[in-house]
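Inspection log for the structure reproduced underneath, given as structure tokens.
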Amino acid sequence: MILGPAPPSSWSCGEGINPGKALLKPEVLITYSFLFLTGNSIDPSLPMQKMMENEAFVSFIFFGTLLVIKMYAVAVITGQVRLRKKAFANPEDALRHGGLQYHREDPDVERCRRAHLNDMENIYPFLFLGAIYSLLDPNPTVARIHFLIFFFGRIVHTLAYLLKLRAPTRSVAYSVAQLPCVSMALQILFAAIKSW
Ligand SMILES: N[C@@H](CCC(=O)N[C@@H](CS)C(=O)NCC(=O)O)C(=O)O
């Protein structure tokens, strides 16, 4: 059942620095908490609801979030390798774990850091391109193929980096993951030019 009220005009948080106005108005919070607790669906004209009806966007959210979690995993692994190899980035950490001599670099830690840096160079742009591309109303299957290729390319890239797999495994994974990004970038540019 569609029960929701008209989308509130105060839904946005961008009302500037005005101490008289709440960032998110209490009546909005109360209304939506009520709808949530009573199990009633909210008005499908709400932007977020609309977004979640976009199959391509839902696929993008799914794979994008998995890749963000993968990046967190690399960060955790980096910390574990630091502890195991006793190679700390800061003197206070080294002091806590045996002495200042452990304030040093280690090739395995640096490898983890390079994997993470490469993720930042590639996954951050993907999060931008994928979001915009999804809003162009692409064929959901084609969109999912784009996201899947990028996702598996980046997973293999990380595995190849951390497990020191034989070259050119990492480079091939990197290149394969770039393909859907180039495709999405071109489609976004064409769409932008068309509606210029
Ligand atoms: N910033 C990258 C740009 C090119 C790139 O991302 N290459 C891939 C495939 S060879 C890579 O895994 N580079 C290793 C890295 O970024 O640490 C680099 O310096 O290599």
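Numbers here simply count residues along the sequence, with the first being 1. First listed ligand is number 1; within each ligand, the first listed atom is number 1.
- Of all protein heavy atoms, the one lying nearest to atom 10 (S) of ligand 1 is Ser171 OG, 3.3 Å.
- Geometrically, ligand 1 and Asn122 share no nitrogen or oxygen pair separated by less than 3.5 Å.
- Per-residue contacts place Arg114 under 4.0 angstrom from the following atoms of ligand 1 (heavy atoms of the residue considered): 17 (O).
- Against a heavy-atom cut-off of under 4.0 Å, Glu121 is close to the following atoms of ligand 1: 1 (N), 2 (C), 3 (C).
- Just one residue in the list Tyr133, Phe151, Phe150 forms a ring-ring contact (aromatic ring centres under 6.0 Å, His included) with Phe126, and that residue is Phe150.
- Summary of contacts: the protein heavy atom closest to atom 14 (C) of ligand 1 is Tyr161 OH, 3.4 Å.
- For the side chain to side chain donor-acceptor pair (under 3.5 Å) test with Asp106, the passing option among Lys86, Lys85, Arg111 is Lys85; the others fail.
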* To do: Give the C-alpha distance, both sets of side-chain angles, the deciding distance and a yes or no for side chain to side chain donor-acceptor pair (under 3.5 Å) between Thr78 and His116.
  => CA-CA 9 Å; Thr78 309; His116 195 91; 5.5 Å; no
* To do: Give the C-alpha distance, both sets of side-chain angles, the deciding distance and a yes or no for side chain to side chain donor-acceptor pair (under 3.5 Å) between Gln187 and Ser183.
  => CA-CA 6 Å; Gln187 291 179 66; Ser183 163; 2.9 Å; yes
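- If you number the atoms of ligand 1 from 1 as listed, the ones under 4.0 Å from a heavy atom of His157 come out as 11 (C), 12 (O).
- Residue Asn118 is tested with Arg170, Arg154, Arg113 for a side chain to side chain donor-acceptor pair (under 3.5 Å); the sole match is Arg154.
- Shortest contact from atom 6 (O) of ligand 1 to any protein heavy atom: Asn118 ND2, 2.7 Å.
- Remark: His146 NE2 to Leu148 CG distance equals 11.5 Å, nearest 0.5 Å.
- In this structure, atom 4 (C) of ligand 1 lies nearest to the protein heavy atom Tyr174 OH, 4.0 Å.
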